[in-house]
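Note sheet for the following structure.
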Amino acid sequence: MTAGPSRATTLRDYKERLLRVLVVIQQQLDEPLRLEDLAARACLSPHHFHRVFTGLTGETLMGHIRRLRLERAAGRLKLSRWPVVQVALEAGYETHEAFSRAFKAGFGLSPSEYRAQRSADGRLPARCGIHYRDGGALRDFKTLRCGDRAMNGILKQVAPMRVAFMRHVGPYDQVHETWDGFCMFLGKEGLLGGGARFLGICHDDPDVTPPDKIRYDACVTVDDRFRPQGEIGVQVIPGGEYAMATHFGPYAKLGESYRRLVGQWLPRSGRELASSPCFEEYLNSPETTAPKDLITDIYVPLASQRP
Amino acid sequence: MKTKKAKPTLSTQPKLDLCQVHKADYATPKKPVLLDIGTACYLAVRGQGRPGGDVFQARIGALYAMAFTVKMTRKFAGLRDYAVCKLEAQYFFVGDPCGIPMDEWRWKLLIRTPDFVKQDDLDRAVATLLKKGKDQDVKEVVLETLIEGRCVQMLHVGPYDREGETIAVMKSFADSRGLKFAGPHHEIYLSDPRRVAPEKLKTILREPVTPA
């Protein structure tokens, strides 16, 4: 007897999982939705859920929820006699003014102007094609196309890497301060250069986690003789199969590359994500390289394929 | 007994970036230009072999290990911080390089370094690196001062093995001005060949010249 072909996780699978989440969002539009719960519904690790969500729908989770609430509010303005302030409160806004601002930004009209208009489209632009529906019945949505800005991910087998690391907790754009002290310590010990690799482990997604809570490890590969000391620890970046892509340009735009790799390339690759964090490798030095010329490889861990 | 840990005392002087200070030396013209290159200090290591080959890569590793160790040791001691510059190389050919097998190419790899870095700094760095079990190659890294003077310089965009085309343009420019190449050929690597496509690689080419 021969084993059947291994079943690839297809774009369709990812879409079906995300659809379950999109239905829950519509049904519980007024509940505080927890990322962990939504990720669990999609059978995705919280590490990666948000990137898959934005990669496939073209919206952030919060952006999606805000848009649906505004669309629902537009419907209520038309179909009910509720005062605007009540519609505002029901849409999750604390003040009339905040609601009016958001409404005008979306629909181009103030809530009362909108109400007075005879015909008005209650939908805001959305590339995924999903709009607010009473009752939350959804059957399909349009996934963001890869288009010209497709990410060329490749599969890469990575050997486990022993690294010295220093933990940074705080905004991602301040990690250079941690790197500064870390490199000074390693450099004076003779641990930089000569093949040492510069890596970063991102434990949190800057699109989801508040800036002051983002955990990031600045890492440099070391041999077995290196021992942890002071603020510098040792860990092993797990080996295995990773999806890898190269990001060209400023570090501030790394998020876009992660979203394209995880949210667009991966669902079409037939592979499933592992729950461990992503890491990145810095190939040139920000000290002497213009931001537009920086080169960073990004690595996303893949679950091993089941036979 | 508790020993007091050494704490870095940070220098208050701004970080020195030699590429910015000597911006004119790093000009990237699309057509050849004449430049006067002043005195410049480098960490340097010599070698022979195919560019990009094992010996070449090992020497790059040794050069960077020294560059980082010297810099960070000084920084930790509260001395002035500076940026580690990009990799440069000089090639020494007798006659036309086309006739010499690449394995026999002789070169010197360079990283521009502030002149306040002294031999003592290198000696300390070698001791630190050897203690960490790094390759003996680090002992080959020396301090060197180059005075290249009048040079023809031009940006080469493309694979390294097509530099000949750019050099030909530089040569006819020199000829037309009554100058000849005096050697050694010097190049400054602006791109990372690991990820940048060969046709997009940017390299500054520099040829010291004398009156023909």
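Letters A, B, ... are given to chains in the order of the sequence lines, protein chains preceding strands, and every chain is numbered from 1.
When the shell of 6.0 Å around CZ of A/Arg127 is examined, it contains 12 or fewer heavy atoms from other residues, nucleotides or ligands. Summarising the local packing, CG of A/Asp212 is surrounded by more than 12 heavy atoms from other residues, nucleotides or ligands at distances under 6.0 Å. With a 6.0 Å radius and a threshold of 12 heavy atoms from other residues, nucleotides or ligands, A/Lys15 has its NZ atom above the threshold. Atom CZ of B/Arg106 has 12 or fewer neighbouring heavy atoms from other residues, nucleotides or ligands inside a 6.0 Å radius. Environment of NZ in A/Lys253: sparse, with no more than 12 heavy atoms of neighbouring residues, nucleotides or ligands closer than 6.0 Å.
Neither the backbone nor the side chain of B/Ala125 comes within contact range of chain A, judged by heavy atoms closer than 4.5 Å. At a 4.5 Å heavy-atom cutoff, the contact between B/Lys134 and chain A is made by side-chain atoms alone. Using a 4.5 Å cut-off between heavy atoms, B/Tyr82 contacts chain A through its backbone alone, with no side-chain atom that close. If you measure heavy-atom distances from B/Cys19 to chain A, you find no contacts under 4.5 Å at all.
Ranking B/Ala83, B/Ala58, B/Ala62 against chain A, the residue ahead of the rest is B/Ala83, based on heavy-atom pairs under 4.5 Å. Each of B/Val84, B/Val196, B/Val138, B/Asp137 has some count of heavy-atom pairs under 4.5 Å with chain A, and the biggest count is that of B/Val84.
Interface with chain B: from residues 288-295 of chain A, residues A/Thr288, A/Thr289, A/Ile295 qualify, criterion being any non-hydrogen pair under 4.5 Å.
Between atom CZ of residue A/Phe185 and atom NZ of residue B/Lys75 there is a gap of 14.0 Å, rounded to the nearest 0.5 Å. Taken to the nearest 0.5 Å, the CZ atom of B/Arg194 stands 4.5 Å off from the CG atom of A/Leu283. The distance from the OG atom of A/Ser285 to the CZ atom of B/Phe68 is 6.5 Å, given to the nearest 0.5 Å. Put simply, CD on A/Glu189 and NZ on B/Lys131 are 7.0 Å apart, with the number rounded to the nearest 0.5 Å. The distance from the CE atom of A/Met184 to the CZ atom of B/Arg74 is 14.0 Å, given to the nearest 0.5 Å.
B/Glu165 is linked by a side-chain hydrogen bond (donor to acceptor under 3.5 Å, both in side chains) to B/Arg162, counting only residues two or more places apart in sequence or in another chain. Residues passing the side-chain hydrogen bond (donor to acceptor under 3.5 Å, both in side chains) test with A/Asp224: none are found, sequence neighbours excluded.
A salt bridge links B/Lys71 with A/Glu287: the closest approach of a Lys/Arg side-chain nitrogen to an acidic carboxylate oxygen falls below 4.0 angstrom.
The shortest side-chain heavy-atom distance between B/Arg195 and A/Asp297 falls under the 4.5 Å cut-off.
Applying the salt bridge (charged side-chain N to carboxylate O under 4.0 Å, His left out) test to pairs two or more places apart or on separate chains, those with a residue in residues 17-26 of chain B are B/Asp25-B/Arg112.
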